[in-house]
There are 2 protein chains.
Amino acid sequence: MTDEPEPVAKKSRAPSMHDVARLAGVSHQTVSRVINDAPNIRDETKQRVLDSMEQLQYRPNRAARALVTSRSRTIGILSASRTNYGPAASIQAIEDAANAAGYAVTTANIHGFESTSIVRAIDRLLDQAIEGLVVIAPQRRVFDTLAGMALRLPIVTLQSTGTDGDRSLSVDQIMGARLATRHLIELGHRSIYHLAGPQDWIEAEARMTGFLDEMNAQDMPTTAPFLGDWTAEFGYFAGRELLRVRDFTAIFAANDQMALGLMHAIRDARLDVPGDISIVGFDDIPDAAHFWPPLTTVRQDFPELGRRCVALLLGGLDAGEQYDGIIAPTLVVRGSTGPPLSR
Amino acid sequence: MTDEPEPVAKKSRAPSMHDVARLAGVSHQTVSRVINDAPNIRDETKQRVLDSMEQLQYRPNRAARALVTSRSRTIGILSASRTNYGPAASIQAIEDAANAAGYAVTTANIHGFESTSIVRAIDRLLDQAIEGLVVIAPQRRVFDTLAGMALRLPIVTLQSTGTDGDRSLSVDQIMGARLATRHLIELGHRSIYHLAGPQDWIEAEARMTGFLDEMNAQDMPTTAPFLGDWTAEFGYFAGRELLRVRDFTAIFAANDQMALGLMHAIRDARLDVPGDISIVGFDDIPDAAHFWPPLTTVRQDFPELGRRCVALLLGGLDAGEQYDGIIAPTLVVRGSTGPPLSR
DNA sequence: CTCATCGTTGTTCACGTTCACAAGGGTGAG
DNA sequence: CTCACCCTTGTGAACGTGAACAACGATGAG
């Protein structure tokens, strides 16, 4: 009888193509054809295979496929400060678009600012054999490191100025900054400050450029921008510093968080926004409409950015093609801006 | 001589173990041993192999390794609303901890509330052959779906109540809610409303439970909580509705965003926070300290949560072990709460 | 001197899939 | 009737790695 050496214990391994093939009475290759829906399979055969797959709860083994095709079907994202709204929204959009195209996504976070951290992050992505790379929230240092590594990969950078050799895709930061600045000038402000982002960030640089361009175009005097770090905390600190001088009637902050901190400092000084000082932000994070006062800001369409990003990357993977790399931002006027009262 | 049939054109394929082995004059198995630092390798041999790896810029092929070991070394994260601060911070912490342990991370987003979306998301993770699953921002529906699928995987759920059969790990939501509620009561408030999160969310339910527990413990009358959707937009809407009645002096909002919207609505009604109405939030997002007024809220230590989560999951993968699944939250008192004026 | 043992290295196979090619049966034209 | 061709399916090899086992030389004990 040899009573059941392994009656049910024949488990542990997941069913493979061969198991499906055996059950369906075909060869493993036929199963493969069904999966990759190749032409020239008899309908009845195909159905029998599908039924067997269903019955066994079969799942293709991604590793085996990657091994033989030497394609990982994975996209890597290199990101910094992903708890911020912009990067988070971009990542989500990229993931969704990539998934829809049958690609998986891996992310690697950069901490701090040492270049070893950057190299390690890229290394982890390469270990995953990514087929394409998206760089979010790029800093000069990241680009330099990337250039030094001479990767043989399609790379798309988000939120850059679009002036680099790599393919890039971005909301037009310069135009956004000009919109914000022009809005303040049209309201009658003559002395406008800019609270910029960290110097290393391409995004911050572009916004600063946009600010200066517009100020110059309108023959306005400019002062050196204040360099911040994107946080509300810094905005608050910067506000307190700036208010010591108080020779301005408006501030254009390089993002919404810093604008929030600024408004906090201004209120602490018993001044009014926008009565005494107008504030403009950048990003239009979901909370911005409910700040006090509701923040005038520049809206970036992050989901659209993510979608196009994947289209560009995958298009670049399969074949070169045209693309429109610039997305126009929109100015959203809310309560934090108004004409200067005193003058 | 057979002079070099393909002198330089031998490209395209990445170098494999065999290439390294040939260069070092050893067998591929020796290379394998060096990589997995097995014992009993002569130092000189090891060094020669390392040099060859360096020279060829060799990277182990993860797919091949996964195929033969049938271990993907990948952790899956099932998340919803990841543009919010809490989930985003948790994901980042989990990734970092997982990477440090040599694991990769894949995420899948749930959109909307249809269970097909949940199934698809889990399916994508299973396609990646994940070895463990982290569920962030869990909703009842997700758990039901998960239970129905009977996965043979270690699962850790974040931010749940800890009452489920699965291993879970969370900041103690009930205690956090009680802290917030007690704070309001101690200030002298007698009529307190709760603006809760979406009904389906376990997290929202726990906060509501904490609120009701504390109110009952102190013999306070309670009214039915208002059910929201986590957004500032909804907080604003809810605020306008609640102000029609205005039979309360304080509101405990289930997260900071909704608290922000509430404060916006209160200001629009020409009322003062905290003079007329005190507001408490939950999460302590980085911006909360700069809201107007700065928000009293309950702080959750998301990074710590992520770290412990991975420790638990990986501990669970390798061997069962003890764990401390509850992290205590902290009440952060700021300007949005004070004693009731009128009474 | 011989044999067992240990440290070090090599050989062979298996993992689950796709690719290249072959084989078999049916159909139509000459 | 025969041959060429197409449609459908099967066979065998290969991808890069790790596991099991074998082999080799050196060392030490008897």
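Reminder, nothing fancy here: chain letters follow the sequence lines and each chain counts from 1. We use all heavy atoms of the structure for the numbers below, so side chains are in, but hydrogens, waters and symmetry mates are not.
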A.B. asks: Quickly work out the B:L67 CG to D:dG18 C1' distance and round it to whole Å.
C.D. replies: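 For the pair B:L67 CG and D:dG18 C1', the rounded distance is 10 Å.
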A.B. asks: Report the distance from atom CE of B:M17 to atom P of C:dC13, rounded to the nearest whole Å.
C.D. replies: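 After rounding, the reported distance stands at 19 Å.
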A.B. asks: Counting only heavy atoms and a strict 4.0 angstrom limit, can you tell me which residues of residues 27-43 of chain A come near DNA chain D?
C.D. replies: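 Residues of residues 27-43 of chain A that come under 4.0 Å of DNA chain D are, in numerical order, A:S27, A:H28, A:Q29, A:T30, A:R33, A:N40, A:I41, A:R42.
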A.B. asks: So, B:R48 and B:D51, do they make that salt bridge, N to O below 4.0 Å?
C.D. replies: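 Looking at B:D51 together with B:R48, the answer is no, because their closest N to O distance does not fall below 4.0 Å.
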A.B. asks: Working note: B:T107 + A:E95, criterion side-chain hydrogen bond (donor to acceptor under 3.5 Å, both in side chains); need CA distance, chi angles, decisive distance, verdict.
C.D. replies: CA-CA 8 Å; B:T107 58; A:E95 267 201 33; 2.3 Å; yes
A.B. asks: Taking only Lys NZ, Arg NE, NH1 and NH2, and the carboxylate oxygens of Asp or Glu, determine whether B:D123 and A:R59 approach each other closer than 4.0 Å.
C.D. replies: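 A salt bridge is present here (some side-chain N lies under 4.0 Å from a carboxylate O).
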A.B. asks: Quick check on the helix from C:dC1-D:dG30 to C:dG30-D:dC1: what's the angle between its two end axes, five base pairs per end, to the nearest 10°?
C.D. replies: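 Inter-axis angle at the termini of the helix from C:dC1-D:dG30 to C:dG30-D:dC1: 50°.
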A.B. asks: Over how many whole Å does the gap from B:R71 atom CZ to D:dT17 atom P extend?
C.D. replies: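 From B:R71 CZ to D:dT17 P: 18 Å.
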A.B. asks: May I ask you to verify if any side-chain N or O of B:T69 is less than 4.0 angstrom from the OP1 or OP2 atom of D:dT17?
C.D. replies: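 Checking D:dT17 against B:T69, no side-chain N or O comes under 4.0 Å of OP1 or OP2.
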A.B. asks: Output the distance between atom CZ (B:F143) and atom CD1 (B:I202), rounded to the nearest 0.5 Å.
C.D. replies: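 So the gap between those two atoms works out to 4.0 Å.
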A.B. asks: Just by modelled atom types, is the B:R65 backbone N or O under 3.5 Å from a matching donor or acceptor in the B:T69 side chain?
C.D. replies: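 Between the backbone of B:R65 and the side chain of B:T69 there is a qualifying donor-acceptor contact (under 3.5 Å).
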A.B. asks: Check the distance between D:dG16's P and A:N61's CG and give it to me in whole angstrom.
C.D. replies: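 Computing the A:N61:CG to D:dG16:P distance gives 16 Å.
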A.B. asks: Please determine if B:R62 and A:D127 form a salt bridge, counting it only when a charged side-chain N lies under 4.0 Å from a carboxylate O.
C.D. replies: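 Salt bridge absent between B:R62 and A:D127.
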A.B. asks: Kindly say if B:T45 contacts the phosphate of C:dT9, meaning a side-chain N or O under 4.0 Å from OP1 or OP2.
C.D. replies: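 For C:dT9, OP1 or OP2 has a side-chain N or O of B:T45 closer than 4.0 Å.
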A.B. asks: To the nearest Å, how far apart are B:D19 CG and D:dC15 C1'?
C.D. replies: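 Roughly 13 Å, once rounded to whole Å.
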A.B. asks: I'd like to know if B:R13 pairs up with B:D19 as an ion pair, taking the criterion as any Lys NZ or Arg NE/NH1/NH2 lying under 4.0 Å from an Asp or Glu carboxylate oxygen.
C.D. replies: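 Between B:D19 and B:R13 there is no salt bridge, as every charged N stays at least 4.0 Å from the carboxylate O atoms.
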A.B. asks: How many whole angstroms separate atom CZ of B:R62 from atom P of D:dG18?
C.D. replies: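 Taking atom P of D:dG18 as the reference, CZ of B:R62 is at 12 Å.
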A.B. asks: Grab the NE2-C1' distance between B:H18 and D:dC15 for me, whole Å please.
C.D. replies: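 So the two atoms are 11 Å apart, to the nearest Å.
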A.B. asks: Can you tell me if B:S72 and B:Q128 form a side-chain donor-acceptor pair at under 3.5 Å?
C.D. replies: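 The answer is no; no qualifying pair exists.
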A.B. asks: Measure CG/A:D127 against C1'/D:dT17 and give the value in whole Å, please.
C.D. replies: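 Interatomic distance, CG of A:D127 to C1' of D:dT17: 15 Å.
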A.B. asks: Is it true that A:S115 and A:R141 share a donor-acceptor pair across their side chains at a distance under 3.5 Å?
C.D. replies: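 No, A:S115 and A:R141 have no side-chain donor paired with an acceptor closer than 3.5 Å.
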A.B. asks: For B:S70, which contact category applies under a 4.0 Å heavy-atom criterion: base, sugar-phosphate, or nothing?
C.D. replies: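 B:S70: no heavy atom of the nucleic acid under 4.0 Å.
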